[in-house]
Every structure is written in structure tokens, then in C-alpha cells.
Amino acid sequence: MSHHDPHAHHQHDHGAHVHASPPATGAVVSAAGSSHAGHAGHDHGAMVADFRRRFWVTLLLTPFVLALSPMIQHALGLGEALAFPGDRYVLFALSTVAYLYGGWPFLVGVVSELRKRQPGMMTLIALAISAAYVFSVAVTFGFPGQEFYWELVTLIAIMLLGHWVEMRSVMGASRALEELVKLLPDSATRIDADGSLHDVPISALQPGDRVIVRPGAKVPVDGEITEGSSGFNEAMLTGESRPVTKGVGATAIGGAINGANAVTIRVTATGDATYLSQVIDLVKKAQQTRSRTQDIANRAAAWLTYIALAVGVGTLLVWWLVLDAPLNFAIERMVTVMVVACPHALGLAVPLVVAVSTSLSASNGLLIRDRAAFERARRLDAVVFDKTGTLTEGRFGVSDIVLLQEGDESQELAFAAAAESQSEHPIAHGIVAEAKRRDIAIPKASDVRNITGEGIVASVGDVRVRIVSPGHLARQGNAITHERLGQLESAGKTVVVLERDGQARALFALADIVRPESREAIAELTRLGIRSVMLTGDARGVAESVSKELGISEYFAEVLPDQKSEKIQELQTRGLSVAMVGDGVNDAPALVQADLGVAIGAGTDVAVESADVVLVRSDPRDVGAILGLSRATYRKMVQNLIWATGYNTIAVPMAAGITFGTGFLMTPAIAAVFMSASTVIVAINAQLLRFYRRHA
């Protein structure tokens, strides 16, 4: 069930070029590529370009400011060489340009934060650079003390650089979604009623229209193939790496790339109803839902802002009034504290990881509907699988072939398929499908007739073929005594006997076919330390057989659809945190009851309201992938939070001047380097989640 918080995402209008404070907002990177807080009138790319431009202008001014600063001149022994009449006013003018142009995003940002009564990173930076600038200007025009224009300008340059690099990382967090948006072409070739072809915009297509998709072209919208067959590359949509072959009657997903053959599709969904639009909408919502971890980080960041303001002012007063230090030195300590304590890294620690993990999962066919439920997945104890259609293929097929005499399995299957090829019975379909799956040529059968309730008789060439039940033979006095017959029947499988010219040649056991991926899925969950449980309405013998085949230790058999949620409750009362994996239809109550509801095999129907996570592919291995990704995501969040808080614990006392007298004193510029480095480290660490690979 979707538990979206309607207040989870706050829109912010920060005016031109404002980079809002994550601590105050807790917003995240959206699918459209906007920043973790809204930005009026500019997309994220424009903001990155703006910070880059301001950085380069400020950097260009920096050497001139350094050369004109008395402290730098003195340190280099170039005071007389670089000094000239009025140089301090030139220094003032250059620094003013750097302060107003380079510092503009921070100065506008503080207005937005204070208007919302949510002081954060912008408030700290703006106060720090403003205190440094105002004091230096006062000294320029006669106030006693020492200017620190060079600290101001280098501080602004480093802060702009840090923001530029960090925002590029933020952009990377939503790149997978931007690629999804780009998947749809701008136009489509529509087939009109008279058969003529016209290129029309995607927006002009209506359900029922016919569209031709040429080789190598993208499918413009969701539709049903009405002519032709081809392979479709759906890797960016479902994570399926191999091309999927589809023919008449199959569904083509908008955004998939057509292979070698042209196909005609009848449009079934356009606009917001298409699979791709639903995926993008789901991912946006998932990125916007608040998580408990994110709330903790936001509260910590807000507190850090107030602590930084208090410590900054306290540092100024202690150095100036208590320790009798010069005012300019005390202001420098205050500025350094405010810069180094900016809670930017803490504010980004969780949202960036959220953005990366959500877009990463979407590009692999794992659609997170509820962020909080996804985060809870890391603590799961058990996964309950609905058998039919989840662990099995949901179709009647041949599971075992037992030869009763010397012979060839493929030859016996060919005779059986020939006899059954004209029948509509599920057993016949299963045998014929198995022969086709093995690429066995099926000979022609003649003189086909049914033995009512018992089987079928046919002639294949000059061979008389009969396919009957073991019970029919037993009643005729020709009972099958092979030990495997009893084993197969006790496993709940349907067994038929193939006779050729009166001799029993082979047993064919049919059952709901177990997916080959299911064994890997159970093994992966076991490796993750999670118990697998199977739920089925089938008889106990069938349940026991499938469980044994897959290595599942616990199962519930003969469970009616309305009893499934009770079985989930039963496990929960044992103190287990439970995920339910089903098809999202008759499993809906159980999906809602579970701690994590996973709808599998949804295909293009991503709007499974009862599920927290939707797995696009009918592949149970993706359950292990989503749980593994949940754990990896949480690890990244914790790493970022530890780094962001630990860094401040060490850096703030150093900025306040605790190292005074040891030979090292942190300057505002060094503080800016530390603060920016912390933010960039958090951003890069979030990006490293992209290298997560599940262990199959």
C-alpha cells in the first residue's frame, strides 16, 4: 500500500539562482533534475552554470585581491613593490564585486530562509561573508583594525566551487530518470484510415490509432502489436538485458527500441497513462516521501544551524571580551565557525542517497512506491511467496519424463506431441509446448480420437500411439509398476502414459512449471539471512514437492485467497518482519498486511495500489535485489551521516580556536575548504551506490 506523506515535498521559490538549504527543507532531487530544493525559473543545469560562472569571475579577481592585501604583501616581502596610492580603495572595489556578485546566491538565500523562519546553510554563509566584508569596509574607511578582504574573496571562491561540484553530483543523482524521460520520441508515423502514412506529434495520438514502428525506431506509446513480429530492447524500461521477442497480440511498451522488423501497433495508452509516465511519476513520489532517517538528519541539521550561530557569536564574545583579542581576530574566529559548521553535508547525506537508489532501482525494473517501506526492507526476517505465477510460471507444463524402456526422450516426446497436437486439453498444450521448447520436429498425426475421460489415440505414420492415464491401464490389467510413478503422483503431479503399438514407453508428469530463476532467488535470500516461506492453494503434496525442489523449509498449503493475510499475521505474531510477494490481484490483502508488499510480474501495469514495491519483470530474483539494495542504501545513509556529524564534531572546536598556540589556526578559507570537501565527499559517496551489484 502506498503511504505517501502529502507534506513530504515542499516547493520552494528561492528567486534567481538560489541554492536552498537542505537542512531546512528536507527536499530531494526530483526526476526532472531539479535541485533538492525547488528553484524558481531555472532548471538544475542553469543553476550549475550560474555557480560555475560566478566561481570563475571570483577566481579571476582573487589574484588581484591577494596581491593588494597588506598581509600577503608582507608575507611575500613585496609590500613596496606592489603598493601604490589608493591601492586600498582598489582592493575595496574588487572585494565588493566579489562579495556582491560571487556571494549573491548566499545573500539571496538567507532572505528566503529567514522569511520561512528556517535558518540554515545560506544563513550561516551569508552572515559569515557579510561580517567579514562589513568589518573590512569599516577598517578601510577609518575603523581601527585589520582588513581581511583576501580571506573573504578566497572564502567565496571556495564556497562557489564546492557548490558547483556538489550540484553536478546532485544532477547525476537523477540522471537515470532524465534518460527515462528522453526515451520517448517526439513524433510517430500514424497509419490513417485510407492506409496513408503521416508523421504526427506524440501528443496527437489517441487510443485506437494505428502506428508503424520501423526497425531501430523507438516505440512511441504503449500499444498492442497487430501486424508483424520483432525483438524489442526494453533494458532501460524493465532492466531486461536481452531483446524480448514479441508478435501479434503482444504489448509493446512506449520507449522500447524496435529490432530488425517493422511492426504495426494499435495505441492502447497515451500521455500519463503510459507505462513510462507511470514509472516516472512513481519514482518522483518515492523520492518525495519522507523517511525516518531523513527526518533525523534534517532535525540534526537544523539544530546544527542554531548551534553554529550560538557558538559563532559566543566565540566572538569570548575572544574579544574575555581573552582580550583584537576585534578583527575575534570576528575571524566567528566567521570560521559559521563557515565550517554549515550543515550542508548533513542536509544532503540522506536525500542524495535516496535519489540515487530510487533512480537506480527504476532503471532495473524495481519500482519503489513507498520509501519508508523500502527502508524497512533491510530488517526483514522472512519473505512469503505466493506459489502460482510467482515461484512458478502459472502454466501447466511437462516437469518430468520417465522412460519405461530403452529409447530416446526426444523421440518419445515427438510421438506424444504429434498425438496431442490437435487437442485443446491443458495436458495436450503442455506436451506440445515442451516439444516446441526443445525444438523437436512434431510429425503429422492421423485418425485422432479421444478416449472419453481417459486419453487420446492417434496414428503417427504406421505407429499406433495412445496417451492414457495410469489408472486406465490399471483397470485394463496393465498397471505401471515403475517406482517413479508413485513419487510423481504423491508430489501432486498429473501423470500420463505414452504407449506405442501397445507397449508403455514413457511417463509424462505435468505440473505448474517452477521458474528456473526461483532456485536462485531462494538461494540469494538464504545468503542474505532471510527465511523463505511459500503460500499456495494447492494440495499439501504439491506444496511439499515444490518447496523441496526450491529449498524452502516452510510452506502453507490449501490456503484460500481470503486466508492469505491471516497467514502473514501468523508469521508476524511470531515476531517476524515479513515481506509478501504476489501478483497484486488476489494477493492484495496479504500485500497490505505484510511489512513490505511486493507485486511481481506486473508488466506494464505499474499502478498496483496494494504494493510498496513493484517488480516489473516476472523474476523472483529481483526480490533479493530489492532487499540487497535496501541494505546497501541504508549503509550509504549511515556512512554519510557519520561523516557529516563526525566532521562537525572535530571541525567546530578547531574553528573556534582551540588549536591556538599549537602553530595551526584555521582560517575562514581553510574552513571553506573543509566544509566544501565534506559536502563533496557526501555527494560522491552517494554516487558510489551506483556500483552496487547484487550477488546472484
Side-chain angles (χ1 to χ4, degrees), residues 1-6 8-9 28 31 238-239 278-295 350 353-355 357-386 389-390 521 525 528 530 532-533 535 564-565 567-569 571-572 576-603 605-634 637 694:
M1 178 163 34
S2 179
H3 312 287
H4 299 140
D5 177 357
H9 186 63
V28 293
T238 66
Q278 290 181 65
V279 169
I280 292 168
D281 186 53
L282 268 183
V283 174
K284 282 183 183 177
K285 287 178 181 175
Q287 288 188 348
Q288 291 165 9
T289 51
R290 294 286 278 271
S291 69
R292 182 172 174 274
T293 315
Q294 187 172 321
D295 284 338
V350 174
V353 176
V354 166
S357 70
T358 308
S359 56
L360 180 67
S361 58
S363 62
N364 283 282
L366 317 172
L367 306 181
I368 301 167
R369 291 179 55 83
D370 184 359
R371 214 42 256 169
F374 169 70
E375 288 179 22
R376 289 197 300 271
R378 73 180 191 279
R379 297 195 300 266
L380 285 174
D381 302 305
V383 175
V384 178
F385 289 93
D386 180 57
T390 302
L525 290 174
L528 290 170
I530 295 171
S532 296
V533 181
L535 199 61
K564 290 181 179 180
S565 61
K567 298 300 181 185
I568 300 296
Q569 275 182 295
L571 291 170
Q572 290 171 329
L576 299 176
S577 179
V578 182
M580 170 67 191
V581 185
D583 60 16
V585 184
N586 63 3
D587 300 319
L591 291 172
V592 173
Q593 176 63 41
D595 298 284
L596 179 73
V598 181
I600 190 170
D605 180 18
V606 299
V608 185
E609 289 299 329
S610 53
D612 299 309
V613 178
V614 179
L615 306 183
V616 176
R617 295 177 295 191
S618 297
D619 190 339
R621 290 176 299 185
D622 285 342
V623 176
I626 206 82
L627 302 186
L629 182 59
S630 173
R631 292 181 178 185
T633 299
Y634 185 71
M637 287 181 181
R694 73 174 186 228

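Treat the numbers as computed from the prediction; the structure is a model and nothing was measured.
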**Prompt:** Rounded to the nearest 0.5 Å, what separation is found between the CE atom of Met580 and the CD atom of Gln593?
**Reply:** 11.5 Å
**Prompt:** Heavy atoms, side chains only, cut-off 4.5 Å: are Val384 and Lys567 in contact?
**Reply:** no
**Any side-chain heavy-atom pair of Phe374 and Asp612 under 4.5 Å** = no
**Item:** Rounded distance [0.5 Å steps], CD1 in Ile600 versus CG in Asp386
**Value:** 10.0 Å
**Asked** Do you know the tightest heavy-atom contact between Thr633 and Ser357?
**Response** OG1-CB, 3.3 Å
**Nearest-0.5 Å distance that lies between atom CG in Leu576 and atom CG in Leu571** = 6.0 Å
**Prompt:** How long is the span from the CG atom in Leu380 to the CD1 atom in Ile626, to the nearest 0.5 Å?
**Reply:** 11.0 Å
**Prompt:** Less than 4.5 Å apart, any side-chain heavy atom of Leu615 and any of Leu366?
**Reply:** yes
**Item:** Any Val592 side-chain heavy atom under 4.5 Å of Ser565 side chain
**Value:** no
**Fill in**
Between Ala377 and Ser630, the two heavy atoms sitting closest are CB-OG, 3.7 Å
**Asked** What pair of heavy atoms forms the shortest contact from Leu591 to Gly582, and how long is it?
**Response** CD2-N, 4.0 Å
**4.5 Å side-chain heavy-atom contact, Val383 and Leu627** = yes
**Request:** Could you tell me whether the side chain of Asp595 reaches within less than 4.5 Å of the side chain of Arg379, counting heavy atoms only?
**Result:** no
**Request:** Nearest 0.5 Å please: distance from the CG atom of Leu528 over to the CZ atom of Arg378.
**Result:** 14.5 Å
